[in-house]
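Just so you know, these numbers use all the heavy atoms, side chains as well, and skip hydrogens, waters and symmetry mates. Chain letters run A, B, ... following the sequence lines, proteins first, then strands; residues in each count from 1. Quick caveat: nothing in here was measured; it's all calculated off a predicted structure.
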Amino acid sequence: MRALRFTANRIASTLLVLLVVVFITYVVFYLVPSDPAQLACGRPCTEQNLALAREFMGLDDPWWRQFLDYLGGVVTGRTFGVGATSIHCAAPCFGYSFQQNTDVAVLIAERLPVTFSLAVGAAVLWLVAGVGAGVLAALRRGTAWDRITLAGSVAGVSAPVYLVGLLGILVLGFTLDVVPVGGYVPFTESPVDWAWHLVLPWLVLAFAHAAVYLRLTRAQMLEVLGEDYIRTARANGLRESSVIGRHALRNVLLPVVTVFGIDLGSLLGGAVITERVFSLPGLGGLLIDAVNQRDLPLLLGCTLFAAFLVVLANAVVDLCYGALDPRARLT
Amino acid sequence: MTPPLLRLEGVSVAFDAPAAEEVDYSLAAGEVLAVVGESGSGKTVTALSLLGLLPGAATVTGRALFAGRDLFALSAEELRAVRGNGIGMVFQEPMTALNPVFRVGDQLAEVVRAHGGRTAAQARRRVDELLALVGLPPGARRKYPHELSGGQLQRVVIAMAVANDPALLIADEPTTALDVTVQAEVLELLRDLRGRLDAAILLITHDMGVVADLADRVVVMRDGRVVEQGPVAEVFAAPRHEYTRSLLDSVISLSGPPPAEPPAAVEVSPGVVARGAHVAVTSPSLSAPDRPGDDPVLALSGLTVAYGRFRAVDGVGLHVGRGEVLGLVGESGSGKSSIAGAVTGLVTPAAGVVELAGQELSRLRGRAAKRARGRVGVVFQDPASSLNPRATVARSIASPFLLHTPLRGAELDRRVDGLLDAVRLSPSLRDRYPHELSGGQRQRVGIARAIALDPDLLIADEPTSALDVSVQARVLDLFRALQAELRFACLFISHDLAVVERLADRVAVLHGGRVVETGPADEVLTAPLHPYTRRLLAAAPVADPVRQRERREAWLALDGPG
Amino acid sequence: NDPGNTGASSAAEAAQGGTLRILSEGQTVNYDPAKSSSLPITSLGFVHRRLTGWVNAEGEQAAVAPDLGDTGKASDGGKTWTFTLKEGLKFGDGSPIRSHDVKWGVERTFAPAFSGGLGYHKQLLVGGGDYRGPFEGERLASIETPDDRTIVFRLTRPYGDWPWITSTPAFAPVPEGKGAEPDYGEHPVASGPYQLAEYQRGVRARLVRNPHWDRASDQIRGGLPDEVQFQLGQEASVVSQRLVADSGEDRQAFGSSFASPAQLAQLQGNASAKQRLVTSKTGALAYLALNTEKLTDPKVRQAFQYAVDKTSYQIASAGAAQLAGDTATTLITQGIAGREQFDLYPAQPAGEPEKAKRLLAEAGFPDGLKDLDFVVPKSNDYPAKAQALQAALAKAGIAVNIRVLDTDAYTAETSQAANPTYDLTLSSWQPDFPSANANIQPLFASSEIGGGGYNLSRYRNPEVDALIEAAQSEVDPVAANRRWVELDKKILADSPVVPLIYTRNSFLRGSEVANFYIADFPAYPNYLQAGIAK
Amino acid sequence: MLRRDRWALAGAVTIAVLGLAAVAADLLTAIEGQDPYSYRTEALDPGTGGPAGVLGGVSGDHWFGVEPLTGRDLFAIVVHGARTSFLIGLAATLVSVVFGTLVGAAAGYLGGWPDRIVTWAADVFLGFPYLIFMIALGAVVPSHVSRPLLLILVIGFFGWPSIARIVRAQVLTLKERNFVAAARILGASPWQVFRAELLPNLWAPIIVVATLSVPGKIGLEAALSFLGVGIPPPTPSWGRTISTAVDWVSTEPMFLFFPGVALFLATWAFTVFGDGLRDALDPKTDVRR
Ligand SMILES: Nc1ncnc2c1ncn2[C@@H]1O[C@H](COP(=O)(O)OP(=O)(O)OP(=O)(O)O)[C@@H](O)[C@H]1O
Ligand SMILES: Nc1ncnc2c1ncn2[C@@H]1O[C@H](COP(=O)(O)OP(=O)(O)OP(=O)(O)O)[C@@H](O)[C@H]1O
Ligand SMILES: [Mg+2]
Ligand SMILES: [Mg+2]
């Protein structure tokens, strides 16, 4: 019963979050002084043609009407235009991109595997590297290792991804010629090529993120090492490997998981710059295109999806948190 | 005589400054040695040094011979073999001593398997044995630490410490965090284990009652040095060192003998019995009725405090008359602080009326409410947390004036100095921060703040339980003197019956959110009507080995261990 | 002036066969002719033929060339144009290409669902103003198809450049009755040498041979490679690195975007890559537009002609004058038939700030101009170029604030807003077809102010409008050209814009790409003739 | 205490040096005899538009060499860029700290629905692709609103959730402490409690978090300038210069080196300084030292 109500509450608040995010996006981009119909009007563009394009794209309605139409489309689907050339977008219709002549949902679905491969692979890397190095740094607090990893992590934080990415391509891709410099091979086509093409993007993305995890892990480890239960474990003669690897690490992971959820959620929404640099056809690129072309339906769809991923990741994190920490379990 | 099991020879521990110096004591197999002394005297660091558990910054010198081997000379691996195997250790705070994310049974099993190659199944059997040994049901194995009570957790920690049948058990204040009744149970368990396992126990405590209860010999420490040691009976009867004497003097113990059979009382209404002003309930679902006299400062009627569905306080009626001290006693979780919260406005009661000098608090709004608030002073249990660490003493004491009066500047300073003087603090402390004060000084600051506006009612929620025995005695004396001088009404909350006995005019005993017994202090504490009160009284140890033995037997007779 | 390397550097001969790879920054390629504004010599040309095409070869003047049809015959004083289609033309599915199909393709561009391409024809065809496409059953009467090979267009007014208009994508054939679906561009019916075999947005588009294309009937397309592959969504600097490295498949590739100044600088140090750089002789007119509604005094505007520093502008655009392109003094760009070179405001290329100051003082601004709003789009290094002008104008006492806008916001502000606030903006113009008409009319006709038009200086001169109309109606090319040159001088005398340079474009190709050249017009490589070397 | 931590000290010194350079940028460039705006095409290689001479044109006239294509002095650009970076980094941090602290403290202290709204709003903000939002905002806000101010407000505003979370957690534990209860019992209003009791105890964590968030903000300004929505040219900005320099890295590495090192140093300095501050202010870590 309580679990049910909890779930219902959670879903309601999630929907609300999504609604607000979409609404804000909509309003902001509606205010942007530009006219998507202009792009669809061609050159030279006459008033008449412009009016036709507007009408066809549903842009001649008042702004709130357009927003409601969009939301309505999610539930019931939409049809643009009439007759033979009308375009139907079946429910749930997350918008139709006139610039790309495709359902937004289809566009997102096409891009998702790429972003997913990129984000998850990099996440695994940075989790392992960041947490591992953080634990070591905490255990060797104040030593050269600690200082070096710290400086390295600062480099990770301060070096912009585009810089690291392009330098990586230059050094590893061209000068040393050890890895391919971009492009995406679907996993289903060839798992080896898939991984091989993603190695460099993974490394670059992981480098940027590992730093945060390193620092977080280090701080949390220091905190946990001061806890009474660590002293208890030692006093009872447990092996140091078990004290650190089991008792301490499990507690260290708690805040790491929280941050991880948020990071992964937002990464799945598109690692904009990394995707650009490595020519990976992922969601980030789609989003940037949507912005640049003022493709409002695509933008709304992407934002909605990205926000959904973040919220979803948060929910997953809460579940994991429960698994890791019995105190956080519900009921 | 056999050689001692453990022998410390000139053990010194130093951080930046020395923490323990030239400590010598020894312990034979099967013996219980108590180490007592004021806070910070080096009891804990000495014990931690034995197992190499001090932080890296500490330097340890001297020798500690355990079964003939110098513990300080062992390699890391050898030391690990001794930890939890030759020597078991029980820490003070059971709540934090266990890893919150693993099941209790798994943590026990891990310790079992850390020494000697038991299989998983054997370890599991051993865990069941251990749980039975410390009096926990086998189902406890599957619980997480947060699902157990403090007493149960301390049992788990003890089970862990004895898991591999150590020859020596070090218990560092194993009961300080616990209730009197639970404390009595844990002490009984330790005594029992010593009998059954023939383990020696090194018991660190500052509670003389506990020493009297359990120990064979006692070591008294002060400022990092051992000042006196000897058999308990001898030391208690004829302390040689002046410090030992003052320590024993400042112990507050219940005056009366262990409670006898309940005296006769008449039933005045269904479920309620009385003997004059002394009233108790006999039905578990009732709260003792309250008969407020004329013009009480505080009157509660039908007070109910609920947290969600759980009723922490259930239909309680209480009053405090002018100049009167009402002692509110009861074990942890019985609802004492919740009542205080309802009076001070920190929690909103679910039902009932709180009247302060005839005015119903919940009806007051704005200025009137603020004025009424100003007439209540509060002293908290923990002096460290009740003062803003970033505010000076003067600022803390001045805050009531700043909030309720237009006083500022020199006039304000004068008033603050007056209050410092009233609580016998030197005005030179004005500009110190809380961390620069001792516990006793801090609590005095808290009291000064509470009486600043000359309150009608003072609420003291366990004002001395965080303090050292000697400090506690001094604060209580001050409290009594102030009360005599200022004649404020006082709701005095404590779980320590001896303290309440010294201060209170009347006592109300709280159990499970209900008042089970109330009446004049001397009557309730010497001739309790309710069985719960009697159990409470019996569980409280006194600092006298002979009397404590009597009390213990009476307690055991009352409800038996576990 | 030495125009740097040109197509002559394609040393090896192009041969039949192989795969040609095109590295593109764009996420999509568009093969729907109705929505395309593609030049007749680039990507759309692989798949679709048009009614007419361009002569596009090195050393030859751009001219209208026959493609599906001949180059047209005018009658009725230039108001009626008749074209005859070649014999035996077939679509990729084997069906014949008839005049109806061309008509259907043109009509299709009027449907609201398929707008977005070049639409010069829409206002010129009789009844085009409110025609809404053939899908609702209505046909456009001003296009007649008396038989399968003849097509007649009736225009609202005489228009001498109509054969150029018929070379725009709208005049590609679409089989009658087809193309109602929005994604027609993903499975178009081919008339050119290739058909679309695979298309993944953001990844690639693969073109394979169209078996029904007849090489003999097509003088515009080489059709050499067996396969053409577009690699989409490529990051510009990575593309340039790959092409510089020139390894593996990249040897058969070329980049579809201009090489940036940084890339050009890198190429100067790399002999092999430098050889593979193809630079146009000339190109789009880069100009500083002066908002004539805000800078109303022609004398003030003329001061700008002397204040700008065309040298630093050249450096900012390509690192060196030679790669950036010649300094410009006329509106009609190099390579357009009938163009005449003149200079109304002779000055040092680096500018003559003193002269500018003098003109300003004469106009009543002895202390120069303050706080002018200089708006530029974010793309194409415009902010950097604007800074070069800013620094030069400052020397002449003209203080400007640069405002960088996102490309779309920029378009909204400069070409859509009713009352824009900018004083200056930077732009460049490459005509859509090689006629002075396409140079001048879009930029200076008052009908092109706002509403999406490109008259960024908001130049409004009834006299000029009338002259433009007259020049457009002239059917005789020589007479028309004379009129355009006259207009060029007349407009510049009013100084609504400051011509800066005729921008050269540079492209990098892999070592095995052959016959990769840029003709005099337009400043783009001819995709259709390129092939893989043996 | 900080004095014992040599790394933190090094961080502090670096911040001071960079800060000083930023403040005295005009003076320094005057000594050098340059400014960050003037074009010096004579310092360029006429063939390529790159700097003439070795090491990106480093010389007595141009200490860090010059910018390709323009010949503007790189030293002047870097020190004036420091001004931009520090101004935006610090001011935006101030905005997020003020807002985050108020909101976080209110949520933690008041509990109930204010708390729920704040945590919820933080979720919204974290779920928001805010880079996109910033791009849009750059286009929406009228051009007469100063861009640096806009950047400060936007970057600062989007930084509040993380600060608010930390403050909220801190307030939740402080709230349980009796001195807060004591003030409430005395009848102090929430604002009074916040000002007199909570705020003094929040300074330490706030300062630490603020110090640690400055580099992120500097980096964000750089990223926004990279995307072209940052500080408008010609005002120098590290981010814009670095993003331009990336294209030039194979021919003119020094063009990337100087602003890159400056950005790295600033980030590094704030980070180690913040870490040191945390260690110094945290009694626990201090004892263990
Ligand atoms: N980690 C440490 N670093 C520095 N000093 C310490 C440390 N641990 C303890 N001390 C100091 O060593 C002295 C002895 O401390 P210890 O904990 O042994 O006292 P104690 O007798 O156990 O007191 P209590 O009854 O309060 O537990 C104290 O002055 C304490 O401040
Ligand atoms: N905020 C709260 N939410 C939920 N339950 C609470 C809360 N505060 C107290 N309780 C529960 O109410 C009961 C009474 O608590 P209260 O603090 O009044 O006890 P107490 O008698 O003061 O105990 P102690 O001696 O440990 O201070 C306990 O069971 C406690 O767990
Ligand atoms: Mg101790
Ligand atoms: Mg309590």
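- Heavy-atom pairs under 4.5 Å with chain B peak, among Leu238(A), Asp228(A), Asn251(A), Asn236(A), at Asn236(A).
- Annotation for Arg7(B): atom CZ does not count as buried by contact number, only 12 or fewer foreign heavy atoms lying within 6.0 Å.
- Note: Arg234(A) CZ to Leu53(B) CG = 8.0 Å, rounded to the nearest 0.5 Å.
- Between chain A and the options His115(B), Arg113(B), Arg80(B), heavy-atom pairs under 4.5 Å are most frequent for Arg80(B).
- Rounded to the nearest 0.5 angstrom, Tyr229(A) OH and Phe91(B) CZ are separated by 14.5 Å.
- Contact of Ile170(B) with chain A is not made at all, since no heavy-atom distance falls under 4.5 Å.
- Within 6.0 Å of CZ in Phe72(B) there are more than 12 heavy atoms belonging to other residues, nucleotides or ligands.
- No donor-acceptor pair closer than 3.5 Å links the side chain of Arg83(B) to the backbone N or O of Ala235(A).
- One distance of note links CZ of Arg231(A) with CG of Leu51(B); it measures 11.0 Å at 0.5 Å rounding.
- Residue Glu147(B): no heavy atom, backbone or side chain, is found under 4.5 Å from chain A.
- Here the closest heavy-atom approach between residue Gly237(A) and residue Ala114(B) is recorded as O-CB, 4.0 Å.
- At a 4.5 Å heavy-atom cutoff, the contact between Asn99(B) and chain A is made by backbone and side-chain atoms alike.
- Salt bridge Arg246(A)/Glu110(B): present, at least one basic N to carboxylate O contact under 4.0 Å.
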(request) Run the numbers on Gln107(B) and His247(A) for side-chain contact (heavy atoms from CB on, under 4.5 Å), then give the verdict. (result) CA-CA 10 Å; Gln107(B) 297 193 49; His247(A) 286 258; 4.3 Å; yes
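- More than 12 heavy atoms of other residues, nucleotides or ligands sit less than 6.0 Å from atom CZ of Arg194(B).
- The backbone N or O of Ala97(B) lies less than 3.5 Å from a partner atom in the side chain of Thr232(A), making a donor-acceptor pair.
- By the neighbour-count criterion of 12 heavy atoms within 6.0 Å, atom CG of Asp16(B) is sparsely surrounded, having that number or fewer from other residues, nucleotides or ligands.
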